[in-house]
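Structure first, commentary second.
No hydrogens, no waters, no symmetry mates; every other heavy atom, side chains included, goes into these values. Just so we're on the same page: letters track the sequence lines, and every chain starts at 1.
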Number of protein chains: 2
Amino acid sequence: MAIATSAFQDDPDALVILERFLPYRLNVLASLSSNALAQIYAERFGLSIPAWRVIATLGQYEYRTARDIAAHGVMHKSTISRAVSALEKRGLVGRRPNPADRREELLALTEKGAAVYTALAPQALAFERQLLSVLEPGEQRVLAALMDKLTTKARALAPDEEGRA
Amino acid sequence: MAIATSAFQDDPDALVILERFLPYRLNVLASLSSNALAQIYAERFGLSIPAWRVIATLGQYEYRTARDIAAHGVMHKSTISRAVSALEKRGLVGRRPNPADRREELLALTEKGAAVYTALAPQALAFERQLLSVLEPGEQRVLAALMDKLTTKARALAPDEEGRA
DNA sequence: TCAAAGTGGTTGCGTGTGCAACGAATAGCG
DNA sequence: CGCTATTCGTTGCACACGCAACCACTTTGA
């Protein structure tokens with residue numbers, strides 16, 4: 001069995017070292033980060049991951065369609081559909097059909113939804129800062145650049161262009 | 001509204017820029033990578049993500065308990081339990097109680113399971129190489145180091161020490 | 001030595017997810 | 001124009017997941 005010496009894997013034999021296998025490491029790190037963040041929006045605000053993403057998207061963009069949110073976040077459209085209808089029932093999100101294309105619905109935060117976002121956003125950012133506190137500012141910039149490259153490539157390699165969660 | 005200038009977010013006001021929000025980016029990238037990789041092990045081998053992780057772990061370590069696999073991969077123990085019992089039914093994984101501690105069961109690939117691993121591993125590595133092809137070797141090393149730091153920190157911030165998926 | 005607390009693993013239950021099929025609306029093309 | 005192919009969003013269905021309760025076993029400590 002060869003001893004792997006590079007950062008990832010270049011073994012001549014075909015053995016996957018999980019601790020160095022990029023998709024595995026990405027998923028582990030993403031899960032840890034999601035779980036920790038969920039503590040905030042789930043326990044204190046009763047939001048699911050998809051619901052939080054809808055809120056966050058609308059907090060940033062004001063108007064957006066369900067389709068945009070799904071594609072951008074690599075989630076299935078049915079997931080977003082259900083999250084939106086739950087948020088609508090709670091009075092956090094409103095929808096109005098787009099007159100220019102009546103298949104679409106433009107989503108937006110209600111006042112109540114905006115209040116949730118305002119309460120939530122600083123806590124989310126604080127968590128991000130905690131996580132990033134182990135990296136120097138320069139390292140943070142490098143990380144961002146590397147992730148951009150990888151994400152672009154991963155989108156190109158994606159099975160269809162319809163995202164899943 | 002402030003214009004964010006750093007790699008991640010240091011806005012004085014509390015607006016989350018999703019495209020720069022680390023937990024979001026991590027999840028998007030991990031989803032893309034998982035979905036693309038799943039093409040291989042799901043369609044061609046009928047394996048779920050947890051099942052693939054069990055196979056990969058046992059391919060690398062030979063003997064391991066369900067608990068180890070779960071903790072390492074930030075998955076719930078029930079997830080692993082079900083994946084293992086499905087793999088056992090298919091004759092890919094065997095289990096034998098650990099005489100030193102009869103609560104545990106040592107898992108291992110059967111010959112058939114090892115054959116699946118042998119067929120699968122090169123394809124998984126090939127996918128990883130495709131993904132990493134957008135990075136220079138030096139960048140790959142940097143990425144690995146940054147992810148290690150982040151993962152360590154994220155484990156420290158994790159809600160409990162019991163992982164979830 | 002023995003009761004209580006803790007650990008590895010399983011399973012019933014409720015819920016969330018992806019898929020595929022569908023209705024409504026639009027776009028493309030003969 | 002009109003007919004087909006697409007696209008946005010919803011929903012029924014089957015399945016997978018997380019949680020909590022549980023069993024078997026081990027560790028702790030009084």
What heavy-atom pair brings A:Ala51 and A:Ala83 nearest, and what distance separates the two atoms?
N-CB, 4.0 Å
Any A:Leu92 side-chain heavy atom under 4.5 Å of A:Phe45 side chain:
no
Mind checking whether A:Tyr24 and B:Tyr61 sit in one hydrophobic cluster, side chains of I, L, V, M, F, W, Y counted as touching below 4.5 Å?
no
All N/O contacts under 3.5 Å from nucleotides 2-5 of chain C to the protein, with atom names and distances to one decimal?
none

What is the distance, to the nearest angstrom, from the NZ atom on B:Lys89 to the P atom on C:dT10?
11 Å
Quick check: do B:Val134 and A:Thr152 have side-chain heavy atoms less than 4.5 Å from each other?
no
What is the separation between atom CZ on B:Arg96 and atom C1' on C:dG8, rounded to the nearest whole Å?
16 Å
Residues which pass side chain to side chain donor-acceptor pair (under 3.5 Å) with A:Lys149, listed by chain and number, not counting sequence neighbours
B:Glu139
Take A:Leu47 and A:Leu87 through the side chain to side chain contact (heavy atoms under 4.5 Å, CB included) test and state the conclusion after the steps.
CA-CA 9 Å; A:Leu47 297 176; A:Leu87 288 170; 3.9 Å; yes
Each nucleotide of nucleotides 6-16 of chain D classed B (base within 4.0 Å of a protein heavy atom), S (only sugar-phosphate) or -, in 5' to 3' order, makes BBSBBBB----
Euclidean distance, atom CG of residue B:Asn98 to atom P of D:dT27 [Å, nearest integer]:
11 Å
If I take atom CD1 in residue A:Ile49 and atom P in nucleotide C:dT15, what distance separates them, rounded to the nearest angstrom?
16 Å
Partners meeting ring pair (Phe, Tyr, Trp, His ring centres under 6.0 Å) with B:Tyr117 (sequence neighbours left out):
none
ILVMFWY cluster membership beyond A:Tyr63 - transitive side-chain contacts under 4.5 angstrom:
A:Leu106
Just wondering, are more than 12 heavy atoms of other shown residues or ligands nearer than 6.0 Å to CD in B:Glu62?
no
Looking at B:Arg20 and A:Glu128, what are the two nearest heavy atoms and their distance?
O-OE2, 3.2 Å
Just the atom pairs and distances: protein N or O near nucleotides 1-3 of chain D's N or O, under 3.5 Å.
none

